[in-house]
Amino acid sequence: MKLRQVCLAVSLCAAALCAQAADLRVITHSSFDVSKPLLADFEKQTGIKVQLIKGGDAGEMLNKLILTRANPIADVVFGLDNSLVGKAAKAGVIEPLTLKSDGRKARYSLPDGLVSTDYGYVTLVYDKAWFAKSKLALPKSLDDLTLPAYRDLLVVENPATSSTGQGFLYATIGALGEDKAFAFWGKLRQNGLKVVNDWSAAYNTEFSHNGGSRPIVLSYATDPAAEVAFSKVKLTESPVATLPLSGAVYQQVEGAGLIKGGQARAAAEKFIAFLRSAPVQQDLQTTMWMYPVMSGTPQAPVFSYANEPAAHQTPSAETLRNKGQGWIKRWTQVVLK
C-alpha cells in the first residue's frame, strides 16, 4: 500500500513538472495583439500554456531583457526589430534559431538568429482636417519641416526609448548622411519639435486628430487603414494620411526569438512557428497593423486605405549594429540637451 502511495506521489510530481515545462513565457512589446481564439487554439493543439508579459515599447522591453539576462524573465521575445537586433546580439540575450522550412518564403529576414514575423514602415502622418482648415500646404521635404510655417507642428518619439523614434532617426541619416542629418535635427529643435517617450503618447495624446496640438506625428504607414477600421461611423476615406518624404520612411522588420538561458525550447520553437502560420499572418494585419512577412498571405481589404511606401531610407542592419547606439547618444546631445 505504501509503495503504491509512493508511486502515485512520484507520478503526481512528474505530472506537475511536465505541466510547468509546458508553460511558455513570452515577453512582447505593448502593441502585441494576436486574436484570443487563435491563441486559445494554439494552446489546445499543443498543450502549451502561454504566459504573455507586456514589456512596454520595444526599446524598453530589450532593456528589461538585458537587465535580467542572468535570470531571464521569459523564454521567447516578440517585437525586436532591425533597429534593435544589433543591440540585442551584442548584449547576448538572444539564442540563434533557424526554423524548419514549410515551403513558404519570407519577404524579409532578420540577422543574429531572430525569425522575422511582420514588417511595416515608420513614417510621418498628418491630420487632413487640420491642414484643410489652416490652408497650409503640406511640407514637401524634410527641410520644409524646419521652416517657420511648420513651427510647433511636429511630434516624434524619443529614439532612446522608442523603436519608432529610432526608425525615423536612422532614416534621416540614411537619406542625408550623418552630419547633415544632425544639422537637420538641430534645426527641428529650434523650430519647436516636441519629443515624447513612446508611440501612444505621440499619437493618442499629442496628435491633433486625437485632441492634441500637433498635426504631424511620427507613426506608421498603416494608420490610415486603422483609422477607417476603428471609426464609429462608416468612412469613405481616412481622416489621416501619410507624408512619405524622402528621409522620413524607415522599413521596420519585426521578429521573434529564443531568449538565451530561457526554458521550454521545444515549446518556444512551436510558438515562433505559430507566429508565421497562415492564420496569424492574416490576423496581425488588423490586430497589430503590420504587413505579413510570409509571401502569399492575402492582404486585409481595409489595407486599400494604406499605401505601402514605394521607397524607404533604411540603413543596413550591419550599419545599425556598429553605429546605431552612437547615433542615439549624439541625437540626445543635439535635441534634448
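Since the structure is predicted, the reported quantities are computational estimates derived from the model, not experimental observations.
Using modelled atom types, no side-chain atom of Glu206 and backbone atom of Gly212 make a donor-acceptor pair closer than 3.5 Å. At least one donor-acceptor pair closer than 3.5 Å links the side chain of Thr314 to the backbone N or O of Gln251. Checking side-chain atoms of Arg189 against main-chain N and O of Lys337 turns up a donor-acceptor pair under 3.5 Å. In terms of modelled atom types and a separation under 3.5 Å, the side chain of Asp283 and the main chain of Ser35 share a donor-acceptor contact. Side chain of Asp57 to backbone of Glu60: no donor-acceptor contact under 3.5 angstrom is found. Judged purely by atom type and a 3.5 angstrom limit, Asp75 has no side-chain atom pairing as donor or acceptor with the backbone of Leu258. The closest donor-acceptor contact from the side chain of Arg104 to the backbone of Arg276 lies under 3.5 Å. Under a 3.5 Å cut-off, the side chain of Ser231 and the backbone N or O of Glu227 do not form any donor-acceptor pair. Thr242 contributes no side-chain N or O that, together with a main-chain N or O of Pro244, makes up a donor-acceptor pair within less than 3.5 Å. Between the Arg69 side chain and the Val93 main chain, no donor and acceptor come within less than 3.5 Å of each other.
Ring geometry for Tyr119 versus Tyr108: interplanar angle over 60°, hence perpendicular rather than tilted (30 to 60°). Ring-plane geometry between Phe271 and Phe32 is classed as tilted, the angle between the planes lying from 30 to 60 degrees on a 0 to 90 degree scale.
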Check your understanding: Should Ile259 and Ile27 be marked as a side chain to side chain contact (heavy atoms under 4.5 Å, CB included) after you check the CA-CA gap, both sets of side-chain angles, and the distance that decides it?
Key -> CA-CA 10 Å; Ile259 297 175; Ile27 189 168; 4.0 Å; yes
Exercise for review: Given side-chain hydrogen bond (donor to acceptor under 3.5 Å, both in side chains), test Asn204 with Ser200 step by step and report yes or no.
Suggested key: CA-CA 5 Å; Asn204 295 326; Ser200 181; 3.2 Å; yes
Practice item. Please lay out, stage by stage, how Tyr250 and Phe168 fare under the test ring pair (Phe, Tyr, Trp, His ring centres under 6.0 Å). Key: CA-CA 6 Å; Tyr250 178 85; Phe168 185 37; over 10 Å; no
**Study point:** Pair Tyr291-Phe303, ring pair (Phe, Tyr, Trp, His ring centres under 6.0 Å): steps then yes or no
**Key:** CA-CA 9 Å; Tyr291 294 94; Phe303 269 37; 5.3 Å; yes
**Study point:** Verdict with reasoning, Leu136 to Trp130, per side chain to side chain contact (heavy atoms under 4.5 Å, CB included)
**Key:** CA-CA 9 Å; Leu136 178 65; Trp130 190 97; 4.1 Å; yes
Practice item. Step by step, work out the side chain to side chain contact (heavy atoms under 4.5 Å, CB included) result for Leu110 and Val115. Key: CA-CA 6 Å; Leu110 286 169; Val115 177; over 6 Å; no
Practice item. For side chain to side chain contact (heavy atoms under 4.5 Å, CB included), just list the numbers for Thr319 and Trp327, CA-CA rounded to whole Å, side-chain angles, deciding distance to a tenth of an Å, and then say yes or no. Key: CA-CA 11 Å; Thr319 298; Trp327 287 341; 3.6 Å; yes
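Closest non-hydrogen pair, Thr287 versus Asp33, comes out as OG1-O, 2.7 Å. When all heavy atoms are compared, the tightest approach of Pro215 to Phe207 is O-CE1, 3.3 Å. A pairwise comparison of heavy atoms in Ile53 and Arg25 identifies CD1-CB, 4.2 Å as the closest pair. Listed here is the closest heavy atom pair of Arg107 and Thr297: NH2-O, 4.5 Å. When every heavy atom of Glu157 is checked against every heavy atom of Thr164, the shortest pair comes out as OE1-CG2, 3.9 Å. The two residues Met294 and Gln281 make their nearest non-hydrogen contact at N-OE1, 3.0 Å.
Taking 4.0 Å as the cut-off between side-chain N and carboxylate O, Asp112 and Arg321 count as a salt-bridged pair. Ion pair Arg330/Asp179 flagged as a salt bridge, since at least one NZ, NE, NH1 or NH2 atom sits closer than 4.0 Å to an Asp/Glu carboxylate oxygen.
Separation of the Phe131 and Tyr126 ring centroids falls under the 6.0 Å cut-off.
In the hydrophobic clustering of ILVMFWY residues, with side-chain heavy atoms under 4.5 Å counting as a link, Val240 and Val122 come out together. The same ILVMFWY cluster, assembled from side-chain heavy atoms under 4.5 Å apart, contains both Leu193 and Val125. Grouping the Ile, Leu, Val, Met, Phe, Trp and Tyr side chains by contacts below 4.5 angstrom, directly or via other members, places Leu336 with Tyr170. Ile73 is not connected to Val76 by any chain of hydrophobic side-chain contacts under 4.5 Å among Ile, Leu, Val, Met, Phe, Trp and Tyr, and they are in different clusters. Tracing side-chain contacts under 4.5 Å through hydrophobic residues (I, L, V, M, F, W, Y), one reaches Leu138 starting from Leu218; they form part of the same cluster.
For the residue pair Ser208 / Asp127, a side-chain donor-acceptor distance below 3.5 Å is found, with atom types taken as modelled. For the residue pair Trp199 and Ser219, a side-chain donor N or O sits within less than 3.5 Å of a side-chain acceptor on the partner.
Inter-residue side-chain proximity for Pro139 and Leu243 is flagged as met; some heavy-atom pair is nearer than 4.5 Å. By the 4.5 Å heavy-atom criterion applied to side chains, Met61 and Val77 are counted as neighbours. Between Gln282 and Pro298, some side-chain heavy-atom pair lies under the 4.5 Å cut-off. Between Lys260 and Ile94 the shortest side-chain heavy-atom distance does not fall below 4.5 Å. For the pair Phe182/Trp331, a side-chain contact is recorded, criterion being any heavy-atom separation below 4.5 Å from C-beta on. Using a 4.5 Å cut-off on side-chain heavy atoms (C-beta onward), Lys87 and Ile66 make contact. A 4.5 Å side-chain heavy-atom check between Leu320 and Val85 finds every atom pair outside the cut-off. Put simply, the side chain of Leu62 reaches to within 4.5 Å of the side chain of Leu80, judged on heavy atoms.
Separating the CZ atom in Phe184 from the OG1 atom in Thr146 is a distance of 7.0 Å, to the nearest 0.5 Å. Distance OG/Ser83 to CD/Glu254: 9.5 Å, rounded to 0.5 Å. Atom-to-atom distance recorded for Gln263:CD and Leu24:CG is 10.0 Å, nearest 0.5 angstrom. The NZ atom of Lys180 sits 12.5 Å away from atom CG of Leu142, with the distance rounded to the nearest 0.5 Å. Taken from CG in Asn307 to OG1 in Thr123, the straight-line distance is 11.5 Å, to the nearest 0.5 Å. Rounded to the nearest 0.5 angstrom, Asp144 CG and Asn191 CG are separated by 11.0 Å.
The 12-atom threshold is exceeded at NZ of Lys64, counting heavy atoms of other residues, nucleotides or ligands nearer than 6.0 Å. Shown here is Lys54, whose NZ atom has more than 12 heavy atoms of other residues, nucleotides or ligands within 6.0 Å.
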